[in-house]
Each structure stands twice: as structure tokens, then as C-alpha cells.
Amino acid sequence: MESGPAVFAGTTFALFGAALLLWTGARVLHRAPVAYRASPAVSTALATVFGVLFLVLGVWCLGRV
């Protein structure tokens, strides 16, 4: 019964992290800004770091089930 919330949270974090990395990669590939009114290098780095962080957090949550 307690694994239900962990599966939901892990799936949500993993999907969000993967989608953020995919979106960031597509924006960089097309040379479009990742975030408006922000430095391209900083916004790309932060989006990548948070994408990886959420993906790792999702995998960690799913690994604890």
C-alpha cells in the first residue's frame, strides 16, 4: 500500500526530467532560447542540471519500491 505514492512520485519525476531534457535538447539543437530574457548559457545549464536531477530523483524513488 505504501509503494503506490512512491511509484506515482517516481514516475512523475522521471517523466518530467526526461521531458525537460528532451525539450532543452530540441531548443539547443534549433538554436532557440531555452528561457527568454536570460543568458543562453546559464538557462541551458540550469535546465540540463534540473532535468538530470529530476530524472535521477525519479529513478531513486522507483528503486526504493
*Of all heavy-atom pairs between Ala38 and Ser43, which one has the smallest distance, and what is that distance?*
CB-CB, 4.3 Å
*List the atom of Val65, the atom of Ser3, and the distance in Å for their closest heavy-atom pair.*
CG1-CB, 3.6 Å
_Distance (rounded to the nearest 0.5 Å) between Leu29 CG and Thr24 OG1_ = 12.0 Å
*Share the residues that join Leu53 in a hydrophobic cluster, the rule being Ile, Leu, Val, Met, Phe, Trp or Tyr side chains under 4.5 Å apart at the heavy-atom level.*
Phe13, Phe16, Leu20, Trp23, Val28, Val34, Val42, Leu46, Phe50, Phe54, Leu57, Trp60
_Residues that Pro33 engages under side chain to side chain contact (heavy atoms under 4.5 Å, CB included), provided they are two or more places apart_ = Arg27, Tyr36
*asked:* For residues Val59 and Val56: do they belong to one hydrophobic cluster (side chain heavy atoms under 4.5 Å, members Ile, Leu, Val, Met, Phe, Trp, Tyr)?
replied: no
